[in-house]
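Shown next, in structure tokens, is the structure this report addresses.
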Amino acid sequence: MTIDRLPDQREERTVTTGTTIGQLFAEVFAGDRSNIAARLRAAAAEPILVDLDRELADGDAIEPVAIDSEDGRAILRHSTAHVMAQAVQEVFPEAKLGIGPPIRDGFYYDFQVERPFTPDDLKTIEQRMQAIVKQGQRFSRRPVSDEAARQELAGEPFKLELIGLKGSGNAVSTDDGADVEVGGGELTIYDNIDAKSGELCWKDLCRGPHLPTTRNIPAFKLMRSAAAYWRGSEKNPQLQRIYGTAWESKDALKAHLDFLAEAEKRDHRKLGAELDLFSFPTEIGSGLAVFHPKGAVIRNEMEQYSRQRHVESGYEFAYTPHATKGTLFELSGHLDWYKDGMYPPMQLDDGVDYYLKPMNCPMHNLIFRSRGRSYRELPLRLFEFGTVYRYEKSGVVHGLTRARGFTQDDAHIYCTREQMSDELDSLLTFVLDLLRDYGLNDFYLELSTRDPEKSIGTDEAWAEATETLRKVALKRGLDLVDDPGGAAFYGPKISVQAKDAIGRTWQMSTIQLDFMEPGLFDLAYKGSDGADHQPVMIHRALFGSIERFFAVLLEHYAGAFPAWLAPVQVTAIPITDAHVPYLHEVAAKLRSQGIRVEVDASDDRMQKKIRNAQKAKVPFMLIAGEEDVTKGAVSFRYRDGSQNNGVPVDEAVAEIVEAVRSRRND
RNA sequence: GCCUCCUUAGCUCAGUCGGUCAGAGCGACGCACUCGUAAUGCGUAGGUCAUCGGUUCGAUUCCGAUAGGAGGCUCCA
């Protein structure tokens, strides 16, 4: 006898012993096959996801899990990973199984094979998967003892290792995906059983749950193969990983593939070359960018506006060198903690080590302590576009978002403990407002806390700093996500994550609270009591790095920057050569208002000029022919293709100037 | 750093199973055209096929190393 509750209209039902969840759902949701699993709450236990063929017990409360819900998709993807593994082992019988969890937008499965998979292999595997899906193999759950599992999986060394991990009583770490295979509780094996013959086709150690049958997989695609370390450690052997994606419908799959295509079109590395904004000359070295004039215009506008806002908000500016003696980074602790991430030293002046700076804060600390400080000066806010160099490993360098040399819009705020909360609060407001000014509107916050292995300072100091940040973050009313162990060695941080135009999130600003470095540097200010006190330090980068923020904006706007940032704001296009002088006059008026305008006097036909300006994503085209000249007017073509013809020149100038000055981000 | 793949004209890419195969489009430049909202026509120039080394009678093509790039893994103060 069993009770069943449904989400909106909680409904109690009595069923006969032995009834499965699937049977009950078939009755309740007649005709609706979209529920592929259930969330089950047995008496007083945490709810768990279970298979539909689970038999109901007295007192169970269940809730359907739809295939297009977050949990439903994860189950779908996990089951698809199984189908892939089965296909791989059918095509490559010697392949040994690693793990195969669902991930964001898809799944993967790791295999140990003689040679890496080729794109042709993926096609073969995909075809084999189609056959398995068609065959309608049933996923059947079977609890096993550790010993039985060991015997059954004697030929799968990696699975045996997972059983060992679980059997030894160690909690299996969740970040390597292994818990998908072996959960905290009993071991289970999933058998894949042929729908017609009842024959066992394949099996895998797995905690489940799974779809009822492979037929429930509506749409999937294998994406790519790559190497991955076993259990995520570079000390372990590398396995071959195949990534795939699976969706609740063909349309959903297509939407996802379209999204990936859109993201590729927006790739800042591609747009940067197409729009002539920046490049990475191999002669300079990996991860070191040069900005071309058009990119420099954008960057300069970004910086100028930031400077202006910082001045308005009480910051003072500093400049510091790019290189320093190693002793400074010994004092700051960087050489202890981050030596591997720094460029190796150069030896000067009889063997003194000099380093390129990976961070600006030690330099700012020296400015703070260059003379005695009074409590009256606090909060002291030092700001710098500080260029830093970090030795990123060759495999991780990635366009402007992961470079070896980049410029932080870095500020260090020195204040008293009493000022700390208010300062953080107004700082967060400042940060979010400024990000909005650049056109980002959708945020959430992340709180990165201490990694005991990689940090200095007392528990009390960390606790206070962390709680202070948490309170400030919560006040904001934005979502706050925990990032345990993600902090720098000297203090916890809040990071602002922003969503771009196509819904991707980017880590933008970071705000770190630091009780440690002021001590290392013996920073002090004279209090109103006449005694020395140690200031608190707030580290904060708003763009993160200018290069990276540039890349984010480039992808966010897909290269079509708002008028105030656009490298060329206006392209003037004559109908014939005869109208060029007239447009030069119009251009001069615009230029006198600070507008970046070009007159296209080339040999191309007018249509071609429009095409060129359109491809360069210029916000305003001003076209003039005989009709316009006689009326003292120009004709607009806007970036979206719309027109406004015969606009008097002064009105046109005013319209453009207003659009630029107002920094409208449309 | 590790794994797989890639590198042919400024850009995007064809091509050579080792022997007149170094090609196209765009771009640049020249000439003609003077045109009302996304490509006018014709012509010219550009590459020791990433670099270095090896195999071979002969290498852009095969092998190795190096550099740079892509996708992952690890890392990301």
Side-chain angles (χ1 to χ4, degrees), chain A residues 108 110 115-119 176 223-243 264 267 269-270 273-274 276 279-287 329 332-334 336-342 357-361 388 390-399 401-404 408 410 448 451 454-455 486-491 493 507 510 512 514 539 541 544-545 548 573-580 602-616 621-628 635-639 641-646:
Chain A
Y108 66 80
D110 290 341
R115 64 163 176 84
F117 297 107
T118 65
D176 65 4
M223 304 302 286
R224 64 173 60 92
S225 63
Y229 298 109
W230 168 239
R231 304 197 63 237
S233 166
E234 49 190 333
K235 295 187 189 87
N236 289 336
Q238 278 196 329
L239 307 182
Q240 293 301 313
R241 173 171 297 181
I242 301 178
Y243 285 93
E264 202 179 315
D267 189 313
R269 295 164 300 180
K270 195 179 147 97
E274 278 174 13
D276 193 18
S279 60
F280 292 89
T282 59
E283 294 82 350
I284 295 179
S286 183
F329 292 122
S332 68
H334 287 94
D336 287 340
W337 295 99
Y338 297 117
K339 190 167 189 181
D340 290 346
M342 291 166 64
K357 68 174 168 181
M359 290 184 88
N360 301 303
C361 44
V388 296
R390 297 177 183 179
Y391 180 70
E392 300 287 1
K393 288 194 281 185
S394 62
V396 310
V397 170
H398 182 94
T401 55
R402 195 78 183 272
R404 282 181 171 170
Q408 294 183 307
D410 208 0
S448 299
D451 180 348
K454 285 189 190 172
S455 54
F489 71 88
Y490 46 75
K493 78 173 176 205
Q507 178 176 316
T510 58
Q512 295 170 295
D514 181 359
H539 304 242
S545 91
R548 195 185 129 80
I573 297 174
I575 299 292
T576 76
D577 287 351
H579 313 116
V580 169
S602 71
D603 241 6
D604 289 324
R605 289 172 77 212
M606 178 264 304
Q607 286 87 343
K608 182 61 180 293
K609 293 178 183 182
I610 288 169
R611 179 180 152 85
N612 286 343
Q614 198 77 50
K615 277 177 55 180
M621 283 176 231
L622 288 184
I623 298 168
E626 217 41 51
E627 288 175 38
D628 294 295
S635 293
F636 275 100
R637 179 188 165 98
Y638 301 99
R639 194 156 49 189
S642 62
Q643 311 179 21
N644 186 13
N645 295 333

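Just so you know, these numbers come straight off a predicted model, no measurement behind them. In what follows, chains are A, B, ... by sequence order, proteins preceding strands, each numbered from 1.
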Query raised in the report: How about Y338(A) and F489(A): are their ring centres within less than 6.0 Å of each other?
Result: yes

Query raised in the report: When rounded to the nearest Å, what value does the distance between P atoms of A50(B) and G10(B) take?
Result: 13 Å

Query raised in the report: Is the base of G46(B) syn or anti, where syn means the angle lies within 90° of 0?
Result: syn

Query raised in the report: At under 4.0 Å between heavy atoms, what does R224(A) touch on the DNA or RNA strands: base, sugar-phosphate, or nothing?
Result: sugar-phosphate

Query raised in the report: Among all residues two or more places apart in sequence or in another chain, which pass the side chain to side chain contact (heavy atoms under 4.5 Å, CB included) test with R402(A)?
Result: E392(A), V396(A), H398(A)

Query raised in the report: Between E626(A) (CD) and U34(B) (C1'), how many Å, whole number?
Result: 12 Å

Requested in this report: Drop me the distance from E626(A)'s CD to I575(A)'s CD1, to the nearest 0.5 angstrom.
Outcome: 10.0 Å

Requested in this report: Determine the Euclidean distance between corresponding C1' atoms of G27(B) and G43(B); express it in Å to zero decimal places.
Outcome: 16 Å

Query raised in the report: Between G72(B) and H398(A), is there an OP1 or OP2 to side-chain N/O distance shorter than 4.0 Å?
Result: no

Query raised in the report: Can you name the ring-ring contact (aromatic ring centres under 6.0 Å, His included) partners of F117(A), sequence neighbours left out?
Result: F92(A), F111(A)

Requested in this report: Drop me the distance from T576(A)'s OG1 to M606(A)'s CE, to the nearest 0.5 angstrom.
Outcome: 10.0 Å

Report task. Classify the nucleic acid contact of F489(A) as base, sugar-phosphate or nothing, counting any heavy atom under 4.0 Å across all strands shown. Result -> nothing

Requested in this report: Using the closest heavy atom to pick a nucleotide of RNA chain B for each, name whichever of G625(A) or E392(A) lands nearer the 5' end.
Outcome: G625(A)

Report task. Classify the nucleic acid contact of E627(A) as base, sugar-phosphate or nothing, counting any heavy atom under 4.0 Å across all strands shown. Result -> base

Query - side chain to side chain contact (heavy atoms under 4.5 Å, CB included) partners for S394(A), two or more places apart - result: R404(A)

Requested in this report: Write down the distance between CG (N236(A)) and C1' (C73(B)), rounded to a whole number of angstrom.
Outcome: 12 Å

Query - Nearest-Å distance for atom pair CG/P, residues D336(A) and A77(B) - result: 17 Å

Report task. Please state how far atom NE2 in H334(A) lies from atom P in A77(B), giving the value in whole angstrom units. Result -> 11 Å

Report task. Tell me, please, which residues at least two apart from Q238(A) pass side chain to side chain contact (heavy atoms under 4.5 Å, CB included). Result -> A227(A), Y229(A)

Requested in this report: Please state how far atom CE in M342(A) lies from atom C1' in C76(B), giving the value in whole angstrom units.
Outcome: 16 Å

Report task. Ignoring hydrogens and angles, answer whether the base of A70(B) and the side-chain atoms of R269(A) contain a donor-acceptor pair closer than 3.5 Å. Result -> no

Report summary line: Dot-bracket assigned to RNA chain B with the 3.5 Å Watson-Crick/G-U criterion, [ ] for crossing and | for other-strand pairs, is (((((((..((((.....[...)))).(((((.......))))).....(((((..]....))))))))))))....

Report task. Please state the P separation for the pair A45(B) and U60(B) - nearest whole angstrom. Result -> 24 Å

Report summary line: What one should report as the nearest heavy-atom pair of L239(A) and W230(A) is CD1-CE3, 3.6 Å

Query - S286(A), nearest nucleotide to its side chain (from C35(B), U37(B), G69(B)) - result: G69(B)

Query raised in the report: Hey, is the side chain of Y243(A) poking within less than 4.0 Å of OP1 or OP2 on C73(B), counting only N and O atoms?
Result: yes

Requested in this report: With P as the reference atom in both, quote the distance from C5(B) to C63(B) in angstrom, rounded to an integer.
Outcome: 11 Å

Query - Which residues share a salt bridge (Lys or Arg N to Asp or Glu O under 4.0 Å) with D110(A), sequence neighbours left out - result: R241(A)

Query - Donor + acceptor pair across side chains of R637(A), Q614(A) (<3.5 Å) - result: yes

Report task. Could you tell me which residues satisfy ring-ring contact (aromatic ring centres under 6.0 Å, His included) with H539(A), sequence neighbours excluded, listed by chain and number? Result -> H412(A), Y490(A)

Query - C1'-based separation of A9(B) from A65(B) [nearest Å] - result: 27 Å

Query raised in the report: Using a cut-off of 4.0 Å on non-hydrogen atoms, how would the nucleic acid contact of K454(A) be classed: base, sugar-phosphate, or nothing?
Result: sugar-phosphate

Report summary line: Protein heavy-atom contacts under 4.0 Å, written 5' to 3' over nucleotides 39-45 of chain B as B (base), S (sugar-phosphate only) or - (none), form the string BB-----

Report task. State which residues pass side chain to side chain donor-acceptor pair (under 3.5 Å) with K357(A); sequence neighbours excluded, sorted by chain then number. Result -> T320(A), N360(A)

Query raised in the report: On a whole-Å scale, what distance lies between the C1' atoms belonging to U8(B) and U12(B)?
Result: 12 Å

Query raised in the report: Atom CD1 of I284(A) to atom P of G69(B): distance rounded to whole Å?
Result: 12 Å

Query raised in the report: Ignoring hydrogens and angles, are the base of G36(B) and the side chain of S635(A) linked by a donor-acceptor pair under 3.5 Å?
Result: yes

Query raised in the report: What string of B, S and - do you get for nucleotides 1-13 of chain B 5' to 3' if you count protein non-hydrogen atoms under 4.0 Å?
Result: BBBS---------

Query raised in the report: Say you pick atom C1' in G15(B) and the same atom in C49(B); how far apart are they, in whole Å?
Result: 11 Å

Query - Atom C1', compared across G25(B) and C17(B): separation rounded to whole Å - result: 28 Å

Requested in this report: Please confirm whether any donor atom in the side chain of N645(A) sits under 3.5 Å from an acceptor in the base of G36(B), or the reverse.
Outcome: no

Query raised in the report: Whole Å only: how far is the CD atom of Q512(A) from the C1' atom of A77(B)?
Result: 7 Å

Report summary line: To the nearest angstrom, the CD-P distance between E264(A) and A70(B) comes to 13 Å

Query raised in the report: Any donor-acceptor pair under 3.5 Å joining the side chain of R402(A) to the base of C75(B)?
Result: yes

Query raised in the report: For T282(A), which residues count as a side chain to side chain contact (heavy atoms under 4.5 Å, CB included) partner, sequence neighbours excluded?
Result: none

Query raised in the report: Which part of the nucleic acid does N612(A) contact within heavy-atom distance under 4.0 Å: base, sugar-phosphate only, or nothing?
Result: nothing

Report task. Taking salt bridge (Lys or Arg N to Asp or Glu O under 4.0 Å) as the test, write out the residues that go with D267(A), two or more places apart. Result -> R269(A)

